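Bear in mind the structure is a predicted one, so any value in this text is a computation, not a measurement.
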Protein chains: 2
Amino acid sequence: MPMKKLDRSLIRDLSIFQSMSEEDLDAVLAMASIRQLPEGKAAFSQGEIATEFFALLHGRLKVVQTTPDGQQVVVRHVNPGDIFGIARAMRRPDFPATAIAVVESLALAWPSNQWEAFIARSPVLAMNALQTVGQRLQDAHTRIRELSTEEVERRVAHALLRLVRQAGRKTEEGILIDFPVTRQDLAEMTGTTLHTVSRVMTGWESKGLVASGRKKVVVKDAHGLHVLAEKPE
Amino acid sequence: MPMKKLDRSLIRDLSIFQSMSEEDLDAVLAMASIRQLPEGKAAFSQGEIATEFFALLHGRLKVVQTTPDGQQVVVRHVNPGDIFGIARAMRRPDFPATAIAVVESLALAWPSNQWEAFIARSPVLAMNALQTVGQRLQDAHTRIRELSTEEVERRVAHALLRLVRQAGRKTEEGILIDFPVTRQDLAEMTGTTLHTVSRVMTGWESKGLVASGRKKVVVKDAHGLHVLAEKPE
DNA sequence: CGGCCTTTTTGCTAAAAGGCAAAGATGAAA
DNA sequence: TTTCATCTTTGCCTTTTAGCAAAAAGGCCG
């Protein structure tokens, strides 16, 4: 079973499963099912009862909150190796957001009610989860600080640099964001409009900082972008 | 020792210590020291090594991030019964923010390196902490959504309603926020300026929604404020 | 290759909010 | 009571960003 083998090594690397014994990991794996997510497909949706939690093996998801009047906000991205949808572990009955595949993705899914059993079997899991959620909290606070104090151009620069870190792939042109990103997406990540993002990107393009096309962004001068992102003025 | 007695009942109520056995709680308490914080005093500061973590018994703190150029952002408030400063539990060496008493406060402090021992003794503690941090993450995402999609007036309304929930005290005039709140504070909670907050509040005052004075806010019509906060237009 | 849907760009205008400066309040301390 | 530091309000002007509308560009499918 080559598939099984692949999964195993990927799972071994999941931060949440670090320092777990092989037997415990086996027990955990025995409960998992595999979920294939074509691009655009939601792993779960905002408001849904959280009957499962997940770990991403391949691909990439965006986690989106929708406001009552339909505006969307990208809260974070899920990268390979991340666990996600752990609402129940935080004793929340429903999912507070929607997770949508931005490229074809592959995830493991476990029944939510297994969480307690897993923790009981391997308490280190709870500590790992705490670290993971703690990191997300830091990231969220960083976003809050940026949204509160920075103007649009710097926010977009920060968002783009984050994408570089999470999904950057070196090419001859520069660092390509390894999944489709529209102006609208960037707007939803930075609390602005696609029009404004477009204007900002056009400016950067002419300065040689980035090269972009339809659903595509290449960062040509990460350092220059970084300077721009940090410069207070 | 009446002080001891008081602490004990307060500690019993800390969400993080729910479902712990009496003996485990005793062991935890034995390691704690008491910390008195006069108004304006920081329990810890951004960047400091996290040698301790805390639980608030009385009073109120604000958790503030300072930007490189000195702007401040209030990330959240710490209310009685909350644990705070648990950076090390999230495997972060330093504190990512500063916690300042906004009224005279009383906290318990434990050495950071006790965390692991506590968890080992009582794994339910890790799960409680996970829930606590999970709740904070939800709150942070809510703030991100607000900052991304709402204009200033609605953001301030939401912030004020949050304060009502966390620290509202009924009086004849209306619901008083039970600690000193300046326009600057509200600005730092909502990503705007004290000038704009002042203008917004003046408008509300004339509509009879709030009554406010120096470092003081009374919500006279919480429902009206709520309508305003939710109305998309 | 051509049509068509989606995404992106851009010009113009309007609204929202910030910055500056100065004048009023308020309360605490002397 | 007077003084003084701190908060708050307000008028005016500027900047930033959103909104609207329309054109341009890309890429996919038949």
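- Dashed line: the shortest gap from a side-chain N or O of B/Arg199 to OP1 or OP2 of D/dT9 is not under 4.0 Å.
- Across all strands shown, A/Gly203 has no heavy atoms under 4.0 Å from either base or sugar-phosphate atoms.
- For the residue pair B/Thr66/B/Gln72, the side-chain donor-acceptor check at 3.5 Å is satisfied.
- The distance between atom CG of A/Leu194 and atom P of D/dG19, rounded to the nearest whole Å, is 11 Å.
- Of the N and O atoms on the side chains of B/Glu230 and B/His158, at least one donor lies less than 3.5 Å from an acceptor on the other residue.
- Side-chain atoms of B/Ser212 and B/Glu205 include a donor-acceptor pair closer than 3.5 Å.
- Close to D/dA18, at under 4.0 Å from its OP1 or OP2, lies a side-chain N or O of A/Thr192.
- One interatomic measurement links the two molecules: CD of A/Glu153 to C1' of D/dT16, which rounds to 12 Å at whole-angstrom precision.
- Using a 4.0 Å heavy-atom distance criterion, A/Ser198 is classed as a base contact.
- Between B/Lys215 atom NZ and D/dT6 atom C1' there is a gap of 8 Å when expressed in whole angstrom units.
- Rounded to whole Å, the distance from NZ on B/Lys216 to P on C/dA25 is 17 Å.
- Distance A/Arg214 CZ to D/dA24 P: 17 Å, rounded to the nearest Å.
- With the nearest nucleotide of DNA chain C identified for both B/Arg155 and A/Gly213, A/Gly213 has the one nearer the 5' end.
- Salt-bridge formation is not detected for the pair A/Arg183/A/Asp185: no Lys NZ or Arg NE/NH1/NH2 atom is positioned less than 4.0 Å from an Asp or Glu carboxylate oxygen.
- Distance from the side chain of A/Glu151 is smallest to D/dT16 among D/dA18, D/dT16, C/dT9.
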Return all side-chain donor-acceptor pairs below 3.5 angstrom for residues 213-221 of chain A, not counting sequence neighbours, or 'none' if the list is empty.
residue: A/Asp221; atom: OD1; partner: A/His223; partner atom: N; Å: 3.4
residue: A/Asp221; atom: OD1; partner: A/Gly224; partner atom: N; Å: 2.8

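- OP1 or OP2 of D/dA18 lies within a sub-4.0 Å distance of a side-chain N or O belonging to A/Thr196.
- To the nearest angstrom, P of D/dC7 lies 14 Å from CG of B/Leu186.
- Checking D/dC7, D/dT17, C/dA17 against the side-chain heavy atoms of B/Thr182 singles out D/dC7 as nearest.
- When the P atom of C/dG18 is taken as reference, atom CZ of B/Arg183 falls 16 Å away, rounded to whole Å.
- Nearest-nucleotide mapping onto DNA chain D: of A/Glu150 and B/His195, the residue sitting toward the 5' end is B/His195.
- Atom CG in A/Asp69 sits about 11 Å away from atom P in D/dG19, given to the nearest Å.
- The phosphate of C/dT8 (OP1 or OP2) has no side-chain N or O of A/Thr202 nearer than 4.0 angstrom.
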